[in-house]
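Here is the naming used below: chain letters follow the sequence lines, and residue numbers restart at 1 for every chain. For clarity, every value in this text was computed on a predicted model and none was experimentally measured. Side-chain atoms are counted along with the backbone in the values below, which use heavy atoms only and exclude waters and symmetry mates.
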There are 4 protein chains.
Amino acid sequence: MDLSKRQSEIINAAIKLIGEGGIQALTIKNLSIEIGVVESALYRHFKSKTDVLSALLDYIESIMDSNFNGVKDLKIDPFEKIEKLIDSQLKFFADTPSYAVVILSDGLYKNDKILYDKLFDIMKVSRSTFATIIEEGQKEGAIRNDVASDQIAFIILGSIRLNVNQWGLSGFSFDLQKKGKVIFHTLKTLIKNPSNNSQNLYNKK
Amino acid sequence: MDLSKRQSEIINAAIKLIGEGGIQALTIKNLSIEIGVVESALYRHFKSKTDVLSALLDYIESIMDSNFNGVKDLKIDPFEKIEKLIDSQLKFFADTPSYAVVILSDGLYKNDKILYDKLFDIMKVSRSTFATIIEEGQKEGAIRNDVASDQIAFIILGSIRLNVNQWGLSGFSFDLQKKGKVIFHTLKTLIKNPSNNSQNLYNKK
Amino acid sequence: MDLSKRQSEIINAAIKLIGEGGIQALTIKNLSIEIGVVESALYRHFKSKTDVLSALLDYIESIMDSNFNGVKDLKIDPFEKIEKLIDSQLKFFADTPSYAVVILSDGLYKNDKILYDKLFDIMKVSRSTFATIIEEGQKEGAIRNDVASDQIAFIILGSIRLNVNQWGLSGFSFDLQKKGKVIFHTLKTLIKNPSNNSQNLYNKK
Amino acid sequence: MDLSKRQSEIINAAIKLIGEGGIQALTIKNLSIEIGVVESALYRHFKSKTDVLSALLDYIESIMDSNFNGVKDLKIDPFEKIEKLIDSQLKFFADTPSYAVVILSDGLYKNDKILYDKLFDIMKVSRSTFATIIEEGQKEGAIRNDVASDQIAFIILGSIRLNVNQWGLSGFSFDLQKKGKVIFHTLKTLIKNPSNNSQNLYNKK
DNA sequence: TATGAATGAGAATTCATTCAT
DNA sequence: CATGAATGAATTCTCATTCAT
């Protein structure tokens, strides 16, 4: 799973290509043109196109993981955590729309169990990260307790994803993060504990 | 927009093919084999492959519309409406997974603005249908008023979509409608008006 | 060879199509669209596409013949005759560029002996018309006698044809008849009898 | 513009195919059969069919240019130059009729501006070559001065072209060069300076 | 006369992959 | 490590023509 220099180059080329022309622009030919070698040369570095996608998914997963970890253990309000989490994910996509394209291009991996599993994994990690934070919030009393934490996580994830989805359909034409803020506030209103008077254990000034 | 018998046949073949092998299985060749004619014969009925997909999307939209309309004006509780709406949509996909595949295969229509727009449209109608019902519910006092109706609609849609998405990724292996019920209950808990004591204006006998 | 009403309609449609999109636009499908029937309906009127082209060539030939005849027997100076002849032919093409396209699309008829022969015929008639007039001019002493009449005819024809040719290549963008005038004057200078002092037997004022 | 070995092979195959079956025989499939590879293999050497034709036209142009240059600067009588020029061009076509087919297949390149422009270019070079020689002849007093040099060039070109044309229509059945000689003599008679008594400045021994 | 449906042949091009050098 | 060449399977689409109704 450790990538050679050339392999990284290829993955970066893949990202660029997808960003420019969608998942369909990711062909061995385009890839080879992008990195300035001949098509067959790529097969020294990846044994197949599926392997390239697989590495790409690994790469995306690793970034997302580190995004998550950067937020998970902060000593802040659970809502702030959720907000930061959503924002960091959307920033991740906004900065490099290719990642969004890859994540949203499920249908394509139908035949490749490996790719499928990777995607599934990524989604599972997202969901459990949110679920954990929510559970904490519920324990603290900040988040309502009458719904299961992973149900809330599911709803958050669905909202984020639909946001990214529509952004993609629109040709990346609106401000993804800004829209994310709005969604977050809606979600916050819905899931915060209405009977909670012990506000702001964290940042009280 | 009225389909001939043969055109319907082709659309049905398309649905079957997509159900069996994903959007990638939808080729002119497969289509022609499926309906038992030669490839060029298809071009008498649709002028291009894009046209087939376009008609397919129209068809899906029309069914979804009629699903919506079958529920929208019922004299029932807004939550029951939402529940029925979600359920009818999920039933629609569960009965014919191809529809889910088509709906979720954005990214693949990259080149065809027409198809993109149709997809967008379908999503818009869904969202506004939910939004209308929610607004009604808010006026009645059944649904909380501190969040915008179309924000709630967005969240519902995102949740449904993620559900369908994961179902697709899983190879249609779990019970889509059952999972939908769970999601509905979560959503209901989140959005119902906590201070509402005028329950069941509708079906009390 | 007498065309029915429908047949004439088809020929006219063919002319229109060729004018708009070149000889490649002349397809059974386009033809049928143009006259507002279904493709197979055309086969009631012409037994094949070759037959359409054949009739088209006949039509062109008949117009050219009548152009020729309108000039041939006028009681005017041979040069005026030649000038009128050239001009009427160029006007014929300028008015309906399709005719030029058809005439210049030899290569296409390679497989159809019938079409080939027709084209050959058209050219032969042109050439002999010119040759006859030149011979007359030579007898009168207006045209030099040291070159064979059909050689001169050949050169005139070649010049006209090259003119039409370049006009076609240029996308019909220059004034064909105007350029024809220039060519005529060059030709006249070259072929007139230098020792002829009995000028203007015809139109002397 | 430098052709690889395989590219030359392909161009030669194209020439052969055109010679045998006209421009319509030039298909990727025929080409690939001719050189003994699979169709897709051609695309390693030319990126499209238009590219093949383009290279073919370049090739033709280069031969014609070298033909021209072989004659242009000879220290001979302008008429001899013209004669040699005509003859070398006709020999070029007579040896390889495909070249004639390609040159005469305008109308077929309707869609490809590039090819059109190349054809136009070839004609322009021919014409200006003739024009230059004629101008020289006019200065020397060998060629009559009462007509513009490029007008004469136009007429020569038209005559040559018509000759080649009819030869093509006839199925390459007559002796192209022989007919060319006749035409040349006619042209010579027409364009030589009648009042020139300083004959043969060049080869008098 | 016209329609609707289908045929069969062919055309250009794309793509992932393999292999000898 | 990289190149050049080739493969084979697919893909969308076009076109002239035929035939039953």
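- Among F:dA9, E:dT13, F:dA6, the nucleotide with an atom closest to any side-chain atom of D:A41 is F:dA6.
- When atom types are taken as modelled, the side chain of D:N12 and the backbone of D:S8 share a donor-acceptor pair closer than 3.5 angstrom.
- Residue B:T27 is in sugar-phosphate contact alone, with no base atom involved, counting any heavy-atom pair closer than 4.0 Å across all strands shown.
- Straight-line distance from the CD1 atom of C:I35 to the C1' atom of E:dT3: 13 Å, rounded to whole Å.
- The side chain to side chain contact (heavy atoms under 4.5 Å, CB included) with B:L115 is formed by just one residue from the set B:V102, B:L56, B:L53; it is B:L53.
- Ranked by how close their nearest DNA chain E nucleotide is to the 5' end, B:L42 and D:S40 are led by B:L42.
- Counting non-hydrogen atoms under 4.0 angstrom, C:I28 reaches a base of the nucleic acid.
- Atoms CD1 (B:I33) and P (E:dA6) sit 16 Å apart, rounded to a whole Å.
- Partner assigned to E:dA20 is F:dT3, using Watson-Crick or G-U wobble distances below 3.5 angstrom.
- Formation of a donor-acceptor pair under 3.5 Å by the B:D51 side chain with backbone atoms of B:F46 is not found in this model.
- Counting only heavy atoms from C-beta on, A:S48 has its side chain closest to E:dT17 among E:dT17, F:dT12, E:dT1.
- When distances are taken from the side chain of D:K29 to each of E:dT7, E:dA11, E:dT1, the shortest belongs to E:dA11.
- Residue A:V38 is in base contact, counting any heavy-atom pair closer than 4.0 Å across all strands shown.
- For B:Y43, the listed nucleotide lying nearest its side chain is F:dC13; candidates were E:dA6, F:dC13, F:dT3.
- Under the Watson-Crick and G-U wobble criteria, each requiring two contacts below 3.5 Å, nucleotide F:dC13 is paired to E:dG10.
- Rounded to an integer number of Å, the gap from NZ of B:K47 to C1' of E:dA5 is 20 Å.
- Contact check, B:R6 against E:dA6: a side-chain N or O comes under 4.0 Å of OP1 or OP2.
- A salt bridge links B:K29 with B:E39: at least one charged nitrogen is closer than 4.0 Å to a carboxylate oxygen.
- When every heavy atom of D:L57 is checked against every heavy atom of D:K118, the shortest pair comes out as CD1-CB, 3.9 Å.
- Taking the C1' atom of each, E:dT1 and F:dT21 are spaced 13 Å apart, rounded to whole Å.
- Between D:E9 atom CD and F:dA6 atom C1' there is a gap of 13 Å when expressed in whole angstrom units.
- At whole-Å resolution of the value, CZ in B:F46 and C1' in F:dC13 are 16 Å apart.
- Per the geometry, CZ belonging to D:R44 stands 14 Å off C1' belonging to E:dT13, to the nearest Å.
- Dashed line: the shortest gap from a side-chain N or O of B:H45 to OP1 or OP2 of E:dA6 is under 4.0 Å.
- Side chains of B:L42 and B:I35 form a contact here, defined as non-hydrogen atoms less than 4.5 Å apart.
- Between A:K49 and E:dA16 there is a side-chain N or O to OP1 or OP2 distance below 4.0 Å.
- Nucleotide E:dA12 holds its C1' atom 16 Å from the CD atom of D:Q24, rounded to whole Å.
- Position along DNA chain F of the nearest nucleotide to D:G36 versus B:E39 favours D:G36 as the more 5'-ward residue.
- For the pair D:Q7 CD and F:dG4 P, the interatomic distance rounds to 12 Å; values are reported in whole Å.
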